[in-house]
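Just below is one structure, and these are the notes that go with it.
Both ligands and their constituent atoms are indexed starting at 1 by order of listing. Everything numeric here is computed off the predicted structure, so don't read it as measured data.
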Amino acid sequence: MAEETIFSKIIRKEIPSDIVYQDDKVTAFRDISPQAPVHILIVPNKLIPTVDDVTEEDELVLGHLFTVAAKIARDEGIAEDGYRLIVNCRKHGGQEVFHLHMHLLGGRRLGAMVVKK
Ligand code: DGP
């Protein structure tokens, strides 16, 4: 059984966060350290630690992340100009919280896809 992260507590509303959308499959809330005018995390309610832990039975909820992302982008007024969706996986992907999540970033022109190091 994977270990819970702070996101499970946010989903259960045990700690405060700025939740913009929630249903039986996913929860979306504003990132605590926004990297763009709109920076929202969309998270499966079920704990899936990383993309590497995804199974076929997760396909419905993972597809739903995109439907919800598109809806939130429209609600936030950034759909027409466009936005970026990012899912980081483990160390090289820069994943910090091991509860799979999609970043929705927009509200300004975003930079390069990957920063050269
Ligand atoms: P990642 O690097 O892909 O694992 O992104 C994790 C994001 O989660 C990071 O942008 C900051 C955000 N974050 C971490 N802890 C909290 C929290 O307690 N509340 C909120 N709203 N966001 C958090």
Side-chain angles (χ1 to χ4, degrees):
M1 191 65 175
E3 229 174 272
E4 280 194 357
T5 73
I6 192 124
F7 287 0
S8 290
K9 292 191 171 70
I10 289 174
I11 291 162
R12 292 196 299 262
K13 299 183 178 165
E14 289 169 6
I15 60 163
S17 72
D18 190 353
I19 292 178
V20 297
Y21 179 88
Q22 187 167 48
D23 63 23
D24 61 327
K25 294 189 196 67
V26 305
T27 301
F29 51 91
R30 292 189 196 279
D31 195 290
I32 204 166
S33 173
Q35 305 298 309
V38 174
H39 187 172
I40 290 168
L41 302 173
I42 310 164
V43 176
N45 293 340
K46 170 190 170 185
L47 171 54
I48 305 166
T50 77
V51 173
D52 193 48
D53 300 297
V54 163
T55 67
E56 274 185 25
E57 74 177 37
D58 300 321
E59 287 179 1
L60 194 66
V61 68
L62 295 177
H64 193 54
L65 292 180
F66 280 87
T67 316
V68 170
K71 177 195 157 22
I72 294 171
R74 289 192 295 271
D75 290 349
E76 294 284 322
I78 61 169
E80 198 171 321
D81 284 339
Y83 48 89
R84 186 172 292 161
L85 301 173
I86 298 173
V87 180
N88 296 319
C89 182
R90 292 190 174 146
K91 191 166 53 182
H92 283 187
Q95 184 175 7
E96 290 170 1
V97 179
F98 285 75
H99 184 138
L100 190 154
H101 50 280
M102 177 185 274
H103 295 255
L104 165 62
L105 294 146
R108 67 166 167 82
R109 190 180 283 272
L110 299 164
M113 195 55 180
V114 177
V115 178
K116 284 189 188 163
K117 287 247 164 118

Please indicate whether Lys46 has more than 12 foreign heavy atoms, meaning atoms of other residues, nucleotides or ligands, lying under 6.0 Å from its NZ.
-> yes

Among protein heavy atoms, which sits nearest to atom 14 (C) of ligand 1, and what does the distance come to when rounded to 0.1 Å?
-> Val97 CG2, 4.0 Å

For residues Gln22 and Lys13, determine if any side-chain heavy atom of one lies less than 4.5 Å from a side-chain heavy atom of the other.
-> yes

Could you tell me whether Ile32 approaches ligand 1 through its side chain, its backbone, both or neither, with non-hydrogen atoms closer than 4.0 Å?
-> both

For Arg30 and ligand 1, does the shortest N/O to N/O distance drop below 3.5 Å?
-> yes

Parallel, tilted or perpendicular: which fits the ring planes of Phe29 and Phe7, with parallel below 30° and perpendicular above 60°?
-> perpendicular

Heavy atoms, side chains only, cut-off 4.5 Å: are Leu104 and His39 in contact?
-> no

Give a yes/no on ligand 1: does Phe98 have at least one heavy atom closer than 4.0 angstrom to it?
-> no

Are the side chain of His99 and the backbone N or O of Pro44 linked by a donor-acceptor pair below 3.5 Å?
-> yes

Evaluate whether atom CG of Leu60 has more than 12 neighbouring non-hydrogen atoms of other residues, nucleotides or ligands under 6.0 angstrom away.
-> no

Are any side-chain N or O atoms of Asp24 and backbone N or O atoms of Asn45, one a donor and one an acceptor, separated by less than 3.5 Å?
-> no

What protein heavy atom sits nearest atom 11 (C) of ligand 1, and how far off is it?
-> Asp31 OD1, 3.3 Å

Around atom CD of Glu3, are there more than 12 heavy atoms of other residues, nucleotides or ligands at under 6.0 Å?
-> no

Please verify whether a non-hydrogen atom of Gln35 lies at under 4.0 Å from ligand 1.
-> no

Based purely on interatomic distance, does His103 place a nitrogen or oxygen under 3.5 Å from a nitrogen or oxygen of ligand 1?
-> yes

Numbering as shown, the atoms of ligand 1 that approach Glu96 to under 4.0 Å (heavy-atom distance) | 1 (P), 2 (O), 4 (O)

Flag His39 as yes when one of its N or O atoms lies below 3.5 Å from any N or O atom of ligand 1, and as no otherwise.
-> no

Closest to atom 8 (O) of ligand 1 (heavy atoms only, candidates Ile10, Leu41, Val43, Thr50) is Leu41

Does at least one non-hydrogen atom of Gly94 fall below 4.0 angstrom from an atom of ligand 1?
-> yes

How close does the nearest protein non-hydrogen atom get to atom 18 (O) of ligand 1, and which residue and atom is it?
-> Ile6 CG1, 3.8 Å

Flag His101 as yes when one of its N or O atoms lies below 3.5 Å from any N or O atom of ligand 1, and as no otherwise.
-> yes

Would you call Gln95 and Thr50 a side-chain contact if the rule is heavy atoms closer than 4.5 Å?
-> yes

Numbered in order shown, the ligand 1 atoms found under 4.0 Å of a heavy atom of Asn88 are 1 (P), 2 (O), 3 (O)

